[in-house]
Amino acid sequence: MRTVDVAIVGAGPAGIAAALAAAESGVRTLLIDESPKVGGHLHWRISQTLTDNAGLPVATGPGPQVAAELESLLASFSNLTLSLNTVAWGLFEDRVLALASEDHAEEVQADAIILTTGSTDIAAPFPGWTLPGVLTARAAQTFLHVHRVLPGHRWAILGEGDDADELAGDLARCDVEIVVRHGSVDNFRASGTNRLAHVEIEDDVYEVDALAIAMGRQPDAELAFQAQARGAFVRVLGGYTPFRDLNGQTSEVGVYVAGDAAGIATLPELVAEGQLAGKAAAGAGDAELTRAQGLLNTVANRRRREAIERSRLTDSLNPS
Amino acid sequence: MTDSGDSTAIRGRRLNEHELLGPLPDVEPVEITVDGQPFSARSGEPIAAALMANGIDICRAMPESGESRGVFCGVGRCSDCLMIVDGVLNVRTCVTPVTEGMRVETQHGLGQWEDSQP
């Protein structure tokens with residue numbers, strides 16, 4: 001079985017930050033992603049900007065540009081291996097990761113594993129939600145910005161909050177019409193024969209050809225729970241999340257979770273979390289960890305700071 | 001083969017320009033067929049993107065109700081966009097890239113393997 005020092009699952013901003021931090025420490029680092037490119041949501045959530053206070057030496061700019069810069073940064077480390085088009089489908093005892101790509105399957109054993117697996121769109125059902133033309137916000141962003149195809153020209157957006165606003169901004173740049181926005185599934189239905197044609201809100205009917213469900217995202221830390229990490233539903237973090245110590249380590253020793261997978265975060269927050277987890281997983285000393293924790297506290301918003309505070313309660317999870 | 005790019009519906013769905021992303025980069029076109037009809041696709045893009053750009057939003061019909069399904073999650077999770085590709089059933093078209101000469105078919109219900117007994 002192949003062994004590495006630090007394996008990171010998910011090459012979005014948090015995972016890249018973790019991989020860079022680990023690789024800088026000189027340890028053998030493996031970064032895994034199921035897609036063909038590094039960058040994760042930088043490719044579809046393009047209106048976010050990465051500022052240098054996130055601590056990464058890259059220019060600010062549209063996500064795909066930042067992702068390309070990060071990719072060449074990753075390539076500059078000879079002790080860092082990138083496995084793209086590779087799904088990490090299991091995390092077993094003793095930090096053994098099960099990997100699969102189109103023509104290859106293997107297990108990799110790591111001293112430390114960092115899960116930066118991101119988030120999944122929340123999709124509450126409503127009448128008509130299965131019609132072609134109804135899609136998640138992430139699907140809409142992926143088709144618009146990665147594949148460069150318009151799912152429709154007359155849009156409805158279901159949901160309210162940051163994700164719905166972000167998508168509305170994305171659509172405004174695509175020369176399409178936002179016909180209606182609605183906050184919740186109450187009194188809401190989609191209709192059409194074979195394909196979305198209308199949304200109905202109480203007695204009002206709107207003619208649309210695309211409907212995005214933008215009800216927010218939930219943390220996706222399935223691998224941590226498969227490895228039996230303890231966790232709880234934490235509303236402020238967006239869903240069911242693993243308990244973590246200050247560095248992002250779960251109740252399973254050597255298994256870390258960082259970024260959106262640990263609770264929905266802003267871009268600087270998840271980069272700072274990735275860096276911290278990367279350093280901790282690579283065995284950095286107290287002074288370096290304190291500095292990385294300080295950086296995270298600087299960029300974290302109030303909600304995040306409170307959640308980080310609360311995680312102190314779980315310090316006793318891993319007596320060392 | 002005719003260039004399928006000359007229909008307004010198609011031109012209308014390709015995002016050729018974008019203020020943050022710039023012009024759509026040129027890539028090698030590939031030709032695929034969907035239910036026997038030829039369509040042009042961009043090399044490397046997923047099947048579902050090529051279909052959507054060509055105005056096709058329906059991927060399959062449900063086994064019992066017959067209801068249509070199309071792209072929902074767009075990232076390989078939900079299985080709504082399954083189609084028959086080169087004779088293989090249940091292919092996730094949103095994460096499977098097009099290749100030259102690929103044969104894509106709408107999947108009705110559970111579909112049927114080409115070499116299976118009737």
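Worth saying up front: this structure is predicted, and the values here are computed from it rather than measured.
Ranked by heavy-atom pairs under 4.5 Å with chain B, the first of Thr142(A), Ile46(A), Leu144(A), Leu196(A) is Ile46(A). Across Met62(B), His18(B), Glu45(B), the residue that shares the most heavy-atom pairs under 4.5 angstrom with chain A is His18(B).
A donor-acceptor pair under 3.5 Å is formed between the side chain of Arg13(B) and the backbone N or O of Pro151(A). Distance alone, capped at 3.5 Å, is enough to place a donor-acceptor pair between the Asp121(A) side chain and the Ala137(A) backbone. Within the 3.5 Å criterion, the main-chain N or O of Asp80(B) finds a donor-acceptor partner in the side chain of Arg60(B). The main-chain N or O of Gly10(A) is found under 3.5 Å from a side-chain atom of Thr116(A) such that the two form a donor-acceptor pair. Within the 3.5 Å criterion, the main-chain N or O of Ser35(A) finds a donor-acceptor partner in the side chain of Asp33(A).
Considering Phe126(A), Trp155(A), Phe188(A) in turn, Phe188(A) is the only one that fulfils the ring-ring contact (aromatic ring centres under 6.0 Å, His included) rule with His182(A).
Heavy-atom distances place both the backbone and the side chain of Ala48(B) under 4.5 Å from chain A. At a 4.5 Å heavy-atom cutoff, the contact between Thr130(A) and chain B is made by backbone and side-chain atoms alike. Of the atoms belonging to Val75(B), it is side-chain heavy atoms, and not backbone ones, that fall under 4.5 Å from chain A. Looking at Trp44(A), neither its backbone nor its side chain comes within 4.5 Å of chain B, counting heavy atoms on both sides. Of the atoms belonging to Ala140(A), not a single heavy atom falls under 4.5 Å from chain B. Only the side chain of Arg77(B) comes within less than 4.5 Å of a heavy atom in chain A; its backbone stays farther off.
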*asked:* Under the criterion side-chain contact (heavy atoms from CB on, under 4.5 Å), I'd like the reasoning laid out for Val199(A) against Val179(A): C-alpha separation, chi angles, the key distance, then a yes or no.
replied: CA-CA 10 Å; Val199(A) 296; Val179(A) 177; over 6 Å; no

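Within the structure, ring-ring contact (aromatic ring centres under 6.0 Å, His included) pairs that include any residue of residues 41-67 of chain B do not occur (at least two apart or interchain). Annotation: side chain to side chain donor-acceptor pair (under 3.5 Å) contacts involving residues 188-201 of chain A, sequence neighbours excluded, comprise Ser191(A)-Glu200(A), Asn194(A)-Ser68(B), Arg195(A)-Asp57(B).
The environment of Glu64(B) atom CD is sparse: at most 12 non-hydrogen atoms of other residues, nucleotides or ligands sit within 6.0 angstrom.
In this structure, the side chains of Cys73(B) and Arg138(A) stay at 4.5 Å or more apart for every pair of heavy atoms.
Heavy-atom proximity under 4.5 angstrom to chain B picks out Ile213(A), Asp220(A), Glu222(A) from residues 212-223 of chain A. For a heavy-atom cut-off of 4.5 Å, chain B lies close to Arg173(A), Cys174(A) in residues 169-177 of chain A.
Ring-plane geometry between Phe225(A) and Tyr240(A) is classed as tilted, the angle between the planes lying from 30 to 60 degrees on a 0 to 90 degree scale.
Atoms NE2 and OG, on His145(A) and Ser47(A) in that order, are 7.5 Å from each other to the nearest 0.5 Å.
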